[in-house]
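Taking it in order: structure first as structure tokens, then the write-up.
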Amino acid sequence: MRDLTSFELEYVSSCARFAREVMAPSVKHWDEKNAFPLEIHQAAAQRGIPYAGFPRDLGGKGLSHLALVTAGLEMASVCAPMTFTLAFDHGSLRPVMIAGSPEQRKRWVKDLIAEGGHGAWCMTEPESSGSNLLAIHTKATRTNGGWRIDGHKCMVGMGTVAQVFFVLADAWDGDRRLGPTVFAVPRDAGVVVSENPPKIGFRCLPTPEVRFPGVAVGNDAVIGGVGSGLPVLLDSLDYMRLGGGVVILGLTRGALHDVAPWLDEREIYGGQRLGDTSHVQIVVGRLLARLAAAEALLFQAAADLDDGKPVSHLLSALKLVASDLAIDATSEIAQLWGWRGIHEDYPATKRLRDARQTSIYEGTSEIQAMNLFRRWASAARSGSGE
Ligand SMILES: Cc1cc2nc3c(=O)[nH]c(=O)nc-3n(C[C@H](O)[C@H](O)[C@H](O)COP(=O)(O)OP(=O)(O)OC[C@H]3O[C@@H](n4cnc5c(N)ncnc54)[C@H](O)[C@@H]3O)c2cc1C
């Protein structure tokens, strides 16, 4: 793996400093508030932290994925959900980056970044579409000047603050079904957004319900062609798993970091400390081994993305092993804290709550495993021996 440049290292240390100085003191506050951490975003903007992975001509810093994941780990070890909100737009604006026209890139990336705005992805629906993305009920009907969108989405990350919603809808021209299509729908076109619902974790990532009650948009809202939504969606979902992987591994790093002093301090009997027992050393050593393996996968995926290599399989594997690890690690670590592991005045409890989300978003662990199986089985059938 190559070394980071001095420019990249400067960005990483600026993010690490920001996490220590600004994020750390307010982690509990934003968790309890169950709201988007606006002041954190304002402070991050002053330090030039958001949007760093976008090209310079669109308002970013043109930073490599390798640098972004290194910085993301530093921040997510302090607060995974807050870091998720800060990095979110790299994934949410992906449809425009890969399939948008120059005009769409100007409006929904360049201008949005200049305003400090956000995008949100609307795939999941309360009654139908979840893992099966194509079971959508949201409908886009062709009109004279464009499209009318009717539908109801839920768990829309950043939905309470987004200026644009990338909506997966089934497009129809009269009785003719044109197929799944991605539309960029401006918030002010008549989108109705609920409050942030109560979740057990990732509370500062708002995930409201979003309704489209006959919202009218022009033809210029279509991203990547009518009926061509699936490849845009799948590429975007793949890409989001890099950011998802970063925050999950940062969360695990942070949980281990929190517990280290406790293992040294806690006397169990006869002057022996918790960390002196072979049982605890083996539990923690196994978690450290799994963390090292998952981080190697993360850095490999980031470097391959920078080199333009295919990474879909690496990102599915990363998301799966990282979320399994985070759930196991935060549970084992909560146990090591004794009653403090389930008490809100101690850090392990929030880590445990946050970790529970990670095997669900960006495709559940079952979906990642099936992705990997299908790829492996198809290679085995074709004799490519992958
Ligand atoms: C923190 C968070 C943020 C989110 N952000 C967004 C967002 O920004 N935009 C958005 O659109 N959605 C978002 N979601 C929703 C998320 O994408 C869905 O929850 C996820 O895709 C799973 O869909 P579902 O919850 O409907 O579960 P279902 O699809 O109903 O699955 C239920 C269970 O069945 C399993 N299952 C499903 N199909 C199969 C199968 N074929 N074989 C075996 N098992 C199967 C699943 O793995 C799961 O365990 C977010 C969720 C969370 C928790």
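If you're wondering where the values come from, they're calculated on a predicted model, not measured in any experiment. Counting starts at 1 for both ligands and their atoms, in listed order. Values below: all heavy atoms of this structure, side chains included; hydrogens, waters and symmetry mates excluded.
- Here the shortest heavy-atom pairing between Tyr11 and Gly48 reads CE1-O, 3.9 Å.
- Within the 4.0 Å heavy-atom shell around ligand 1 one does not find Met158.
- A heavy-atom distance below 4.5 Å is found between the side chains of Leu298 and Leu242.
- Note: no N/O pair closer than 3.5 Å links Val156 and ligand 1 by distance alone.
- With distances taken over non-hydrogen atoms, the option nearest atom 44 (N) of ligand 1 out of Arg203, Glu366, Gln357, Met240 is Glu366.
- You'll find the side chain of Thr252 stays beyond 4.5 Å of the side chain of Arg290, heavy atoms only.
- Atom CG in Leu93 sits 10.0 Å away from atom OG in Ser236 (nearest 0.5 Å).
- Contact annotation for atom 4 (C) of ligand 1: protein present (non-hydrogen atoms, distance under 4.0 Å).
- There is no protein heavy atom closer than 4.0 angstrom to atom 32 (C) of ligand 1.
- Protein non-hydrogen atoms do reach within 4.0 Å of atom 15 (C) of ligand 1.
- For atom 29 (O) of ligand 1, the nearest protein heavy atom lies closer than 4.0 Å.
- Protein non-hydrogen atoms do reach within 4.0 Å of atom 47 (O) of ligand 1.
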